[in-house]
Structure formats: C-alpha cells, structure tokens
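When reading the values below, keep in mind they use all heavy atoms of this one structure, side chains included, and skip hydrogens, waters and symmetry mates.
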Amino acid sequence: MDRIIRVAIIGCGAIGRVHARAISQLSKAKLVAVCDVNEGPAQSMASDFGSQYYTDYHKMFATEELDLVTVCTPSGTRLDICTAAAAHKINILVEKPLDITAERCQQIVDVCEASGVKLGTIFQLRFTPVFRRLKEAVDQQRFGRLILGNAQTICYRPQSYYDSGGWRGTLAHEGGGALMNQGIHSVDLLLWMMGDVVNVDAYTGTLTHNIEVEDTVTAAVEFANGAMGSIQATTSVLYGIDKRLEIYGEKGTVIIDGETVVKWEFEDGFPLEVLDEKRIQLSASSPLIEDVQGHRDQIGDMVDAILEDREPAVSGREGKKAVDLILAIYKSAGMI
Ligand SMILES: NC(=O)c1ccc[n+]([C@@H]2O[C@H](COP(=O)([O-])OP(=O)(O)OC[C@H]3O[C@@H](n4cnc5c(N)ncnc54)[C@H](O)[C@@H]3O)[C@@H](O)[C@H]2O)c1
C-alpha cells in the first residue's frame, strides 16, 4: 500500500483551518493531530477534521507518530516549536514568515539541517498558475535583461484586526507590520523573479493605526543583477489594489494585480496560457485565506518531498530571504 504522510497542525486559528482544509484534499496525507494552547479551537478543529487534539506540542510530539508538522502559530513563536519537532525527527512546514529575526530564522534552518529533517516555508502564491507561468518566462530569459521589478501590497486592516490578537502589531511577536505580515508574499515573489537585493533605501510610518509597528512602508531596492525596483506595503488604504507585481525587462513587461494579468507582452510573443478563471478573486480587504488551492499544492509538494526524499520547492533558506530583506528595509528606515 502507498505510504500516507501523517500530519499535525500547530495553531488552530485562521490559517490553521486553511491547512486543515488543504490537507483534507490531499490523497497522500492524513491529518492525525492538531494542537493549540487554547483548548477550544484545538477541540473544535479536531472535531471538524477527525483528528486527535492537544494543548501542548511537546506532548503531541511524544505521543503521535508524525511525518510532518505544519506551524500556524503567531510569527515569533516558530523557533521553539521547530527545535522540538526537529528533536523528534519530524519534518516541518512553517507559515510565513519563517520567524521574525535573522538569528531565529538561521537557528531554525541550522537545527533542521543538523537533525536531518526537511524544512519548508509557506509562500502559497508561488503555487498559483499565473506566478508559475511568470517564473517560467523569467527562467527562459523572455524578459532579456531585467530592468525594473516593483511589488505593492495596498490593503486595509481595521484597528480591530490589530486588537484581535495580542501578538498582532507588536515588534516582539509579529516582528513588523504591513510588510512583515501582508507584504511578505509580494516580497517573496519579487525576490523569486528578480533575484537577490544588494541595496535598500526605505521609509516606514504608522499612519492610521494605534500599533507599535509600521502600517505603511516604501522602499527603493537595487538587485544583484543590476536591475532596480520598489517595494510598498500598507494596511491603511480602503479600496486598494491588494497585491501588484510589475516585472519590466528589455524585451517584455508583465503586470499582475492580485492574480489578474493586466499586461503580458514579450518581444518573442511568449503566450499567457489560459488560466483557471474560476479561481476566486480576492478583495483587497480580505486575508488570503478564502482559497486553499495554493496551500493544498504547497503542502502537497512538501508531502512529495518527504516521499521522494528531496528538498521542498520553498525551503527554509528560501523563506529566510524574504525576512532578511524586510529586516533590511526596517533597518534602513530606522525602525529597528
Ligand atoms: N499564508 C498566508 O496567506 C497567511 C494568512 C494568514 C496568516 N498567516 C500566518 O499564519 C500565522 C498565524 O496567523 P493567524 O491569522 O492564523 O493567527 P491566529 O491568531 O488566528 O491563530 C494563531 C493560533 O495559534 C495559537 N497559538 C499561539 N501560540 C501557540 C503555541 N505556542 N502553541 C500552540 N498554539 C499556539 C493561538 O492560540 C491561535 O489559536 C501568522 O504567522 C501569519 O503570518 C499566513
């Protein structure tokens, strides 16, 4: 019989439920346990998805036979959880951001490598058809020399969003604001398409919320390949444009709003294949959690990586790059 990967989820909040729904759609994986420090959400998720539940992940690791744990707790909690999972030789898939400081991210990478467990970081937009197609265009040199890459996340979160969890909007537990939480997806896509950044000049501000971290940021960046670009993120704008990615090369231009292609033109005519138009168009004010396709495909990739004994498509090292760039932006702006 084919091997089924036994999965646990830690953190039964908003994104934990997305993971549970995504895992339920995978034929090679089974959700066997969930864990949350609060018993209510753990019990309710276990009952909805037919698993065991725990309020202490140490106990869960010691009791359950697990191949994979997905980590869906607040952003600054990953290091301890990953260290404990690695000690039990359990492979780990961590929600973005990998953690909130460069040191903690590096420690997670190191502890997983030393223990011989696989480590992945969730960036589910890399698994959506339009960004995969764009990455093909980049890899196949359709743009010629890359000239400019711009990433924007212009959205809205009310003050009540930041007040809803004690960790949100705090430097100690969230590590940042609009960029570390919402904008990080676009930062990851920009790095995936354009390559590493070597210079940053940035400004941050807290314009409309009562929070410790930034709700608005703008940065100019220089890429290692000589191209230039910009990164902007805000949670202060109603009717914004959600996520916009612009890639400009000598021989082509692509502009994508959300997952909608606004412009796709190449000198060599590189076509945009017909994409699945049934995919949900997400509004600029709703978190990226209505649609589980990206999570399903990324968790599915992690399951295959375990079965095939290969690296996951988005490794821990890859996940650390986005955190490093965001921290460089904060540092340039004098925020940290
Ligand atoms: N990939 C995406 O699009 C996406 C979307 C939303 C959130 N996220 C990420 O997911 C993470 C969680 O966000 P959320 O919106 O689900 O938060 P949330 O507050 O809704 O849920 C977090 C849960 O973790 C539990 N928890 C906290 N510490 C714990 C611990 N030590 N052990 C076990 N459980 C613990 C809390 O009780 C809570 O139920 C954040 O890092 C966020 O950046 C990713």
Carboxylate-amine/guanidinium proximity below 4.0 Å for Glu113 and Lys118: no
For Val7 and Leu66, the nearest pair of non-hydrogen atoms, with its separation, is C-CD2, 4.2 Å
Does Lys251 pair with Asp268 as a salt bridge, N-O distance under 4.0 Å? no
Going by the angle between their ring planes, with limits at 30° and 60°, are His88 and Phe61 parallel, tilted or perpendicular? tilted
Who passes salt bridge (charged side-chain N to carboxylate O under 4.0 Å, His left out) against Asp297, sequence neighbours left out? none
Minimum heavy-atom distance between Arg157 and His209, given as atom pair plus value: O-NE2, 2.5 Å
State which residues pass side-chain contact (heavy atoms from CB on, under 4.5 Å) with Ala178; sequence neighbours excluded, sorted by chain then number. Glu214, Ala233, Thr235
Once side-chain hydrogen bond (donor to acceptor under 3.5 Å, both in side chains) is applied, what residue pairs with a partner in residues 77-87 remain, sequence neighbours excluded? Thr73-Thr77
Note: Arg126-Glu318 ion pair, threshold 4.0 Å (strictly below): yes
So does Val71 get a backbone contact from the side chain of Glu95, meaning a donor-acceptor N/O pair under 3.5 Å? no
Using the side-chain contact (heavy atoms from CB on, under 4.5 Å) criterion, which residues pair with Ser230? Sequence neighbours excluded. Asn150
Between Asp215 and Ser236, is any side-chain donor less than 3.5 angstrom from a side-chain acceptor? yes
Please answer: with hydrophobic residues joined when any side-chain heavy atoms are less than 4.5 Å apart, are Met180 and Leu79 in the same cluster? no
Counting only heavy atoms not in Glu308, do more than 12 sit closer than 6.0 Å to its CD atom? yes
Which side-chain N or O atoms in residues 31-40 pair as donor and acceptor under 3.5 Å with protein atoms at least two apart or in another chain?
from, atom 1, to, atom 2, distance (Å)
Asp36, OD1, Asn38, N, 2.9
Asp36, OD2, Cys12, N, 2.7
Glu39, OE2, Tyr53, OH, 2.8

Going by side-chain heavy atoms closer than 4.5 Å, which hydrophobic residues are tied to Val111, directly or by a chain of links? none
Share the residues that join Leu207 in a hydrophobic cluster, the rule being Ile, Leu, Val, Met, Phe, Trp or Tyr side chains under 4.5 Å apart at the heavy-atom level. none
Are there more than 12 heavy atoms of other residues, nucleotides or ligands under 6.0 Å from atom CG of Asp139? yes
If the threshold is 4.0 Å, N to carboxylate O, is there a salt bridge linking Asp304 and Lys28? yes
Pairs involving residues 322-336, ordered by first then second residue, that meet salt bridge (charged side-chain N to carboxylate O under 4.0 Å, His left out) (sequence neighbours left out): Lys320-Asp324
Before you tell me yes or no, could you show the steps for His19 and Gln298 under side chain to side chain donor-acceptor pair (under 3.5 Å), namely the whole-Å CA-CA distance, both residues' side-chain angles and the distance that decides it to 0.1 Å? CA-CA 10 Å; His19 282 229; Gln298 184 162 7; over 6 Å; no
What residues, two or more places apart in sequence or in another chain, satisfy side-chain contact (heavy atoms from CB on, under 4.5 Å) together with Glu222? Val198, Asn199
Taking ring-ring contact (aromatic ring centres under 6.0 Å, His included) as the test, write out the residues that go with Phe266, two or more places apart. Phe143, Trp264, Phe270
What pairs with Ala87 under side-chain contact (heavy atoms from CB on, under 4.5 Å), at least two apart in sequence or on another chain? none
In the hydrophobic cluster built from side-chain contacts under 4.5 Å, what are the other members alongside Ile100? none
Within 45° of the ring axis of Phe127 and under 6.0 Å from its six-membered ring centre, is that where the NZ or CZ of Arg132 lies? yes
Going from OG on Ser315 to CZ on Arg310, what distance comes out if it is rounded to the nearest 0.5 angstrom? 12.0 Å
So, are Arg6 and Asp67 salt-bridged, with charged N and O less than 4.0 Å apart? no
